[in-house]
Amino acid sequence: MTSQFSLIATKDVIWVILLLLSLSTIGVLGENDGCPMWLAPSYTTTLSADFPKYGLFAGQAYKQDSILPFSELAIPLIDFFADFNRGKPHGSDVLEFLENYLWTQEKIGSMWEGVISAPGIIPGIGVLANYHSTYSNADFLQASILLRETKDDEFKKKPGEANLIRGAVTPYSNATLKATQHIPAGMEIFADFGEVWDGNLTENIYQDKIHRYDYNIADEIVNKMVDLYEKHPGLSLDMKEDIMDFMLQKVLTTVAGPNAKTINSLIPDNPRKLKKVQEAGGTFMYRYRDMIRTSEWLEENGFCLDTIRHGVSTIPNAGRGAFAARDIKEGEIITITPMVHIADKDLLTMYRIEFVENEENDTEEAEYDESEGPLGKQILLNYAFGHPESSMIFVPTGPQVTLINNGAKDANARVKWAESNDPMENPSSYLDLSVDDMAQVKESVLMMKVVAARDIGVGEEITINYGNSWQKAWDSYEEKWKITKEGKPHPLKAEDLRIMYKNKPLETPETIEDNPYPDDILTLCFLFTDERPDGKQMTNQEFGTEINQFVGPTKYEAYDSKSLYLVSVLDRMEAPGFFYNYTVRASLGDDEEEFADVVDVPHSACTFFDSHYSSDIHLEDAFRHPIGMPESLIPVSWRNLR
Ligand SMILES: *[C@@H]1O[C@H](CO)[C@@H](O)[C@H](O)[C@H]1NC(C)=O
Ligand SMILES: *[C@@H]1O[C@H](CO)[C@@H](O)[C@H](O)[C@H]1NC(C)=O
Ligand SMILES: *[C@@H]1O[C@H](CO)[C@@H](O)[C@H](O)[C@H]1NC(C)=O
Ligand SMILES: *[C@@H]1O[C@H](CO)[C@@H](O)[C@H](O)[C@H]1NC(C)=O
């Protein structure tokens, strides 16, 4: 009796365990475990490495085309990659290191900032979305940053008026990643790095040597065979195997030639497994099923990015701010941030660049005239941490960390280096290296924590103390600004015109005299063109050039820098549903003779940019100072300016 009873009980227990197990599996694969995104060691790194490379992991499933958290600032480095910088102490090392962290000026829309180039660093999504040689699941939604809207309340600044914050912050905001395919929960975010990178297969053993095309062909074969089997449900397993052999041996060799062997290896031998490959999301995902991290793994090795949300700062003249997205307890880690070190802040000094013709080989070289003195400092300095006794500065690359403002003595958070007994290990040995040795370290090996100094309630602004040196610099900037600029007019900038012309047609040669644009404003349109659909050839009588037709799309999301052209508006007409349509003359290159006329360009496809050296970043006397690193965080070995 008793034993039978206990047997039933045991069965019940097993049943309950099984139920719990299946529930926990649902949890792992669930759509939402409350964490939007994790920061954790990348799949492309080894956990036992000296210092793992960090990446972003989806905390929930993201549908194809959905926007990923978190939109970020882009900070351009203007004319930074110039020979004169390479020649400075640590110049070539720092440039080589930083190059890995930058996005092209086209992605950001900063191509008119400098005369050489202006690639930018996008902390968070731009730095931490890693590269995988055969796989990507996210790409920048360029329209978000190219057509960003600056909300006046964000800066409390008015168009045409001087303001303290002008030139002190980067105007490039709303850099946004979009899922280019379904991203399951637990998957690392791999950004599309473009064709150039794809050409070079990396030496990293965690990177696949098989090309993306091979997976695509393998996927096609799998899909075809699954279709075939489904159309003929009567096929025996033997017959299925025969068909499969025939496809893989004969057909594939004919189609894929020398790659047939590789592709063959991506397809399971067993016909019954083909469906599983499809369900996994294709041959790549089937091969790398372990790429999807479980929530247990993420909790053990990662950090959930659920603490900060973006808002308008409560601090006067501070612009954007970081707000607590949930209650945070005293001593709790608010966020962690990998830091990119720059060995010498002097590399951020900017000069006016002149192009000097080299007669020997008929080339132009960018040079700067040191006697003219520096133009100013790169805007990146304002986002970096530094110390007056060290030439090193540190750029935080953790998501949303650049939003954290100065709370001075009332700050509710503080920064510290991650300790070595932490899962986010920070080998303290780097704190013993000299600045010269740190310059040779071309990986982001430093990790900082932002820790709550007291309880922080949901919705409260998160601040740290930027330190005395920063405060002094800001106070003297403010004092000078009050004397020289307060209450003075300020030229209208592209961002002002974008708002002014939202519901106002662009100017034409007939109207421009009465309504001139401010100086240094460029008009641009996103142009997708074709010959006229009615087949009628049209040419411009005066210039003999072809006239093209705008063929859309008129959707904001489709606009990227590849389709962006400098234009002059020739004519405009009211167009129901499109507000106004324009006939524009688009310049096709540096050569002023090369242009094309385009008709039916809708108002929504046109926008404004500031021309070279004219955005607020370039304001004379603009505020530039690094955020103060607390005294105790700068080891003696780094104090090379003492
Ligand atoms: C930022 O980008 C998103 C996605 O494209 C867009 O919906 C949003 O309006 C943009 N925000 C601003 C302030 O431009
Ligand atoms: C790819 O490799 C070639 C040859 O080694 C090199 O010249 C090129 O700069 C590399 N491209 C990238 C993006 O690393
Ligand atoms: C042209 O010549 C100068 C020195 O005479 C050299 O530094 C430069 O690299 C040359 N440029 C090209 C494109 O060969
Ligand atoms: C305005 O332009 C749009 C987009 O090219 C086109 O579809 C529409 O027909 C044009 N409307 C007029 C009145 O020209």
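As the structure lists them, so they are numbered: ligands from 1, and atoms in each ligand from 1. Residues: numbered from 1 along the sequence shown. Quick note: numbers below take in every heavy atom, side chains included, and nothing from hydrogens, waters or symmetry partners.
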the protein heavy atom lying closest to atom 11 (N) of ligand 4 turns out to be Asn581 ND2, 2.9 Å
* Looking just at side-chain N and O atoms, do Tyr582 and His603 make a donor-acceptor pair shorter than 3.5 Å? -> yes
Under 4.0 Å from one or more heavy atoms of Tyr556, ligand 1 contributes atoms 2 (O), 5 (O), 6 (C)
- Query: Looking at atom 9 (O) of ligand 4, would you say a protein heavy atom lies below 4.0 Å from it?
  - Reply: no
**Request:** Please determine if Thr554 has a nitrogen or oxygen closer than 3.5 Å to a nitrogen or oxygen of ligand 4.
**Result:** no
Just distances here: any N/O of Arg148 and N/O of ligand 1 closer than 3.5 Å?
no
Next item on the list: State whether a side-chain donor-acceptor pair under 3.5 Å links Tyr613 with Glu113.
Entry: no
If you draw the axis of the six-membered ring of Phe608, does the NZ or CZ of Arg498 fall within 45° of it and under 6.0 Å from the ring centre?
-> no
Is a donor from one side chain sitting under 3.5 angstrom from an acceptor on the other, for Ser110 and Gln105?
no
If you compare Ser71, Ser144, Ser173 by their heavy atoms, the one closest to atom 5 (O) of ligand 1 turns out to be Ser144
inquiry  = Could you check whether any side-chain N or O of Gln60 sits under 3.5 Å from a backbone N or O of Gly186, counting only pairs where one atom can act as donor and the other as acceptor?
reply    = no
shortest atom 4 (C) of ligand 4-to-protein heavy-atom contact is with Asp600 O, 3.6 Å
Restricting to heavy atoms, the pick from Phe528, Phe578, Phe550, Tyr580 nearest atom 7 (O) of ligand 4 would be Phe578
Ranking Ala575, Ala605, Gly577 by closest non-hydrogen atom to atom 13 (C) of ligand 4, top hit is Ala575
| request: Verify whether one side chain among Gln549 and Thr529 offers a donor that lies under 3.5 Å from an acceptor in the other. | output: no
*What class does the angle between the rings of Tyr559 and Phe526 fall in, given that below 30° is parallel, 30 to 60° is tilted and above 60° is perpendicular?*
parallel
Check: of Leu141, Ile67, Asn174, min heavy-atom distance to atom 12 (C) of ligand 1 comes from Asn174
